[in-house]
**Student:** 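I'd like to ask some things about the structure below.
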Amino acid sequence: MAVELLRIDDRLIHGQVVEGWLKAIRVHRIVVASDAIDADETQKALWMLAVPSGVELSCLSIQEAAVEWKEGRWNREKVLVLVSTPEEALALYQHGAPIQSVNLGGLHFRQGRVQILKGISLDDADVRALRSLAEKKVVLEARALPLDEPVNMAEYLTRWQEERDAFREQPR
């Protein structure tokens with residue numbers, strides 16, 4: 001079966017993932033691909049508490065996750081891969097993960113980001129990474145929950161540029 005979904009969500013494991021996506025795609029394993037979390041034993045322990053029984057959790061560096069994915073180590077499982085930023089998704093791709101599509105589920109507003117869709121706010125680095133993935137023919141869809149209508153995120157990258165430019169032109 002292998003990877004069922006690669007999701008970008010700055011909250012990683014939370015209610016939408018556990019109650020929505022896990023039940024819909026019936027995964028056996030969640031892989032959190034993050035160099036920061038892989039290096040932090042306390043964070044790993046906290047994420048273990050968020051995963052329901054019967055679902056395995058692996059916290060791996062970006063490179064380790066890409067290698068395991070590329071080498072087919074999850075081919076007998078249904079896997080959900082979580083990253084917290086578009087840059088991490090791009091890094092997975094650059095390390096050889098065979099990414100065909102990415103689900104953008106939650107990139108929340110913070111300083112320097114422009115809101116494009118409900119629950120999706122982007123900054124310059126996010127857009128660069130998403131454009132790079134789109135250029136590699138990776139499908140980018142925004143969708144918070146499985147039953148939501150998927151939105152083609154590539155179409156919104158231009159809107160992001162327009163919104164950012166308009167914001168910067170406003171008097172302060």
Side-chain angles (χ1 to χ4, degrees), residues 3-25 27 29-52 55 57-66 69 79-95 97 99-134 138-157 159-161 163-164 167:
V3 175
E4 293 289 316
L5 183 71
L6 167 59
R7 179 178 171 90
I8 301 172
D9 193 318
D10 55 19
R11 296 174 293 173
L12 296 171
I13 303 170
H14 59 92
Q16 283 180 342
V17 170
V18 172
E19 293 299 318
W21 288 101
L22 290 186
K23 290 181 179 179
I25 60 179
V27 299
R29 176 179 303 279
I30 297 172
V31 174
V32 173
S34 167
D35 293 341
I37 292 174
D38 179 53
D40 187 335
E41 293 302 319
T42 302
Q43 282 294 313
K44 286 182 194 180
L46 290 173
W47 288 126
M48 289 288 198
L49 297 173
V51 175
V55 177
L57 174 66
S58 298
C59 295
L60 304 172
S61 71
I62 296 291
Q63 184 169 358
E64 289 170 324
W69 190 349
V79 177
L80 166 63
V81 177
L82 296 171
V83 295
S84 60
T85 67
E87 295 84 357
E88 288 176 332
L90 178 60
L92 276 172
Y93 185 93
Q94 291 169 333
H95 284 293
I99 298 170
Q100 297 178 7
S101 66
V102 176
N103 166 263
L104 283 86
L107 291 165
H108 296 85
F109 185 81
R110 66 174 189 253
Q111 185 68 30
R113 282 189 169 171
V114 174
Q115 184 171 351
I116 300 303
L117 298 167
K118 182 179 178 184
I120 306 288
S121 297
L122 304 172
D123 63 20
D124 290 336
D126 297 330
V127 171
R128 279 192 302 276
L130 292 172
R131 283 187 176 147
S132 182
L133 287 166
V138 173
V139 175
L140 305 174
E141 69 150 24
R143 180 162 48 149
L145 292 166
L147 295 178
D148 292 346
E149 190 68 32
V151 175
N152 180 350
M153 195 60 205
E155 295 174 5
Y156 282 84
L157 297 179
R159 178 177 170 191
W160 173 87
Q161 181 75 42
E163 293 285 332
R164 186 195 68 177
F167 176 78

**Student:** What distance do Leu46 atom CG and Met48 atom CE have between them, rounded to the nearest 0.5 Å?
**Tutor:**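 Separation between the atoms: 11.0 Å.
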**Student:** Is the shortest heavy-atom distance from the side chain of Val17 to the side chain of Arg11 under 4.5 Å?
**Tutor:**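 No, too far: nothing below the 4.5 Å cut-off.
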**Student:** Could you report the tightest heavy-atom contact between Val83 and Ala33, atom names first, then the distance?
**Tutor:** CG1-O, 3.5 Å
**Student:** Run the numbers on Glu88 and Ser34 for side-chain contact (heavy atoms from CB on, under 4.5 Å), then give the verdict.
**Tutor:** CA-CA 7 Å; Glu88 288 176 332; Ser34 167; 3.9 Å; yes
**Student:** Is there side-chain contact between Ser58 and Arg29, with heavy atoms separated by less than 4.5 Å?
**Tutor:**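 Yes, their side chains come closer than 4.5 Å.
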**Student:** Could you walk me through whether Gln16 and His14 pass the side-chain contact (heavy atoms from CB on, under 4.5 Å) check?
**Tutor:** CA-CA 6 Å; Gln16 283 180 342; His14 59 92; 3.3 Å; yes
**Student:** Is there side-chain contact between Arg113 and Asp126, with heavy atoms separated by less than 4.5 Å?
**Tutor:**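 They are in contact (side-chain heavy atoms under 4.5 Å apart), so the answer is yes.
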**Student:** Between Lys118 and Asp148, is there a side-chain N and carboxylate O pair less than 4.0 Å apart?
**Tutor:**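 Looking at Lys118 and Asp148, the cut-off is not met.
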**Student:** If every non-hydrogen atom of Ala24 is compared with every non-hydrogen atom of Pro146, which pair is closest and at what distance?
**Tutor:** CB-CG, 3.4 Å
**Student:** Measure the shortest side-chain to side-chain distance between Leu22 and Ile30 over non-hydrogen atoms and say whether it is less than 4.5 angstrom.
**Tutor:**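 Side chain of Leu22 against side chain of Ile30, heavy atoms only: contact under 4.5 Å found.
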**Student:** For Pro86 and Leu133, which heavy atoms make the closest approach, and how far apart are they?
**Tutor:** O-CD1, 4.5 Å
**Student:** Under a 3.5 Å threshold, yes or no: a donor from one side chain and an acceptor from the other, between Asn103 and Arg143?
**Tutor:**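 No, because no side-chain N or O of Asn103 sits under 3.5 Å from a partner of the opposite role on Arg143.
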**Student:** Has Asp9 got a side-chain atom pairing as donor or acceptor with Leu82's backbone, closer than 3.5 angstrom?
**Tutor:** no
**Student:** Quick check on Leu147: does its CG atom have over 12 non-hydrogen neighbours (other residues, nucleotides or ligands) under 6.0 Å away?
**Tutor:** no
**Student:** Work out which heavy atom in Ala50 is nearest to a heavy atom in Ile13; give both atom names and the distance.
**Tutor:** CB-CG2, 3.7 Å
**Student:** Among Ile99, Val79, Val31, find the one that has a side-chain contact (heavy atoms from CB on, under 4.5 Å) with Leu6.
**Tutor:**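 Running side-chain contact (heavy atoms from CB on, under 4.5 Å) over Ile99, Val79, Val31 with Leu6 returns exactly one hit, Ile99.
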**Student:** How far apart are the closest heavy atoms of Ile8 and Val102, and which atoms are they?
**Tutor:**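 Where Ile8 meets Val102 most closely, the heavy atoms are CD1-CG1, 3.5 Å.
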**Student:** Starting at CG of Leu80, measure out to CD1 of Ile25 and round the result to the nearest 0.5 Å.
**Tutor:**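 Between atom CG of Leu80 and atom CD1 of Ile25 there are 5.0 Å.
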**Student:** Do the non-hydrogen side-chain atoms of Tyr156 and Ile120 ever get within less than 4.5 Å of each other?
**Tutor:** no
**Student:** Within the 4.5 Å heavy-atom criterion, are Met153 and Leu117 side-chain neighbours or not?
**Tutor:**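 Sidechains of Leu117 and Met153: in contact.
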**Student:** Treating Arg7 as the side-chain partner and Ala144 as the backbone partner, does any N or O pair qualify as donor plus acceptor under 3.5 Å?
**Tutor:**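 Checked: pair present.
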**Student:** Minimum heavy-atom separation for Trp47 to Ile37, with atom names?
**Tutor:**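 Where Trp47 meets Ile37 most closely, the heavy atoms are NE1-CD1, 3.2 Å.
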**Student:** Side chains of Val18 and Pro52, heavy atoms from C-beta outward: is any pair under 4.5 Å?
**Tutor:** yes
**Student:** Is there a donor-acceptor pair closer than 3.5 Å between any side-chain N or O of Asp38 and the backbone N or O of Ile62?
**Tutor:**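 Between the backbone of Ile62 and the side chain of Asp38 there is no qualifying donor-acceptor contact (under 3.5 Å).
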**Student:** Examine distances only and state if a side-chain atom of Arg131 and a backbone atom of Leu157 form a donor-acceptor pair shorter than 3.5 Å.
**Tutor:** yes
**Student:** Which distance, rounded to the nearest 0.5 Å, do you find between the CZ of Phe109 and the CG of Leu122?
**Tutor:**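 Rounded to the nearest 0.5 Å, the CZ-CG separation comes out at 11.5 Å.
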**Student:** State, with a plain yes or no, whether a side-chain heavy atom of Arg128 is found less than 4.5 Å away from one of Leu90.
**Tutor:** no
**Student:** As an exercise, state the distance from CD of Gln115 to CG of Leu107, rounded to the nearest 0.5 Å.
**Tutor:** 11.0 Å
**Student:** Got more than 12 heavy atoms from elsewhere within 6.0 Å of CD, Gln43?
**Tutor:**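 It does: Gln43 CD has more than 12 such atoms within range.
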